[in-house]
Amino acid sequence: GESVGLHLPTLSVQEGDNSIINCAYSNSASDYFIWYKQESGKGPQFIIDIRSNMDKRQGQRVTVLLNKTVKHLSLQIAATQPGDSAVYFCAENNYGQNFVFGPGTRLSVLP
Amino acid sequence: GAVVSQHPSWVICKSGTSVKIECRSLDFQATTMFWYRQFPKQSLMLMATSNEGSKATYEQGVEKDKFLINHASLTLSTLTVTSAHPEDSSFYICSASSNSGSNQPQHFGDGTRLSIL
């Protein structure tokens, strides 16, 4: 299930299940979005991106959905594996300005 | 491709010391580099943006005399924390982009954990 900790929401899923991580972004003018994965003690790693002229994009085991009407972004991970355990950040960008990062969601994969 | 190397990965030093952190783009030319600070269990906080050959642009509340940024080449940017104190202890992360002013992903280094005693 999903819970909100002091600073970081946490999502716990069973290994093999699908994960859905959600992000509400702030700027309706943002036109480019990225999902990053950050493992403990490391820098964020690019997962997948999507531009505002699309509402869905698929990668290997990951899918990003964009709903501009409600300013919502989601990351779906199929067949979640232990190696998927990390903190996931969404980032929005407005016409080449600096990226604004969301608060992050910790994904815990249970055996 | 798009590898960013950050050094050192961890540094412990005494209060009052100045610490330099390097950020290198290994296989691309980084027109723009970004420096972030991250506290435990929190998101990334942008400190400054630097373009090669120009002065860095600092975010509101970030002391430019405290956090000196140099971006002398298209592959190297440095962040120097001057006269560091315990409150400067944090995880500092750099990122680099090959194209400023357009929507391209930032590629991140693995961060530097700074511990000030």
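Labels below follow one simple rule: chain letters A, B, ... track the order of the sequence lines, proteins then strands, and each chain is numbered from 1.
The hydrophobic clustering, which links ILVMFWY residues whose side-chain heavy atoms are closer than 4.5 Å, places B:Leu117 and B:Val19 apart. The same ILVMFWY cluster, assembled from side-chain heavy atoms under 4.5 Å apart, contains both A:Ile50 and A:Val62. When hydrophobic clusters are built by joining Ile, Leu, Val, Met, Phe, Trp and Tyr residues whose side-chain heavy atoms come closer than 4.5 Å, directly or via intermediates, A:Met54 is grouped together with A:Phe33.
Few gaps surround NE2 on B:His85; more than 12 heavy atoms of other groups in view lie less than 6.0 Å from it. For B:Glu87, the CD atom counts as densely surrounded, since its 6.0 Å shell holds more than 12 non-hydrogen atoms of other residues, nucleotides or ligands. A 6.0 Å sphere centred on NZ of B:Lys55 holds no more than 12 heavy atoms belonging to other residues, nucleotides or ligands. Within 6.0 Å of NZ in B:Lys66 there are more than 12 heavy atoms belonging to other residues, nucleotides or ligands.
In this structure, chain B has no heavy atom under 4.5 Å from any part of A:Glu39. Proximity to chain A is absent for every atom of B:Phe39, based on heavy atoms less than 4.5 angstrom apart.
Between chain A and the residues B:Pro105, B:Gly109, B:Ser95, the most heavy-atom pairs under 4.5 angstrom are made by B:Pro105. Contact count against chain A (heavy-atom pairs under 4.5 Å) is highest for B:Gln38 among B:Glu59, B:Met45, B:Gln38.
A tilted orientation is assigned to the rings of A:Phe46 and B:His107, their planes being inclined by 30° to 60°.
Taking all atoms of both residues into account, the shortest heavy-atom contact from A:Gly43 to B:Ile93 is CA-CG2, 4.5 Å.
In this structure, B:Asp110 CG and A:Gln45 CD are separated by 9.0 Å, a value rounded to the nearest 0.5 Å.
Within the 6.0 Å centre-distance limit, the rings of B:Phe108 and A:Tyr36 are counted as a close aromatic pair.
With hydrogens and angles disregarded, no donor-acceptor distance shorter than 3.5 Å links the side chain of B:Ser43 to the backbone of A:Gly104.
Using a 4.5 Å heavy-atom threshold, the side chains of A:Phe99 and B:Phe34 count as separate.
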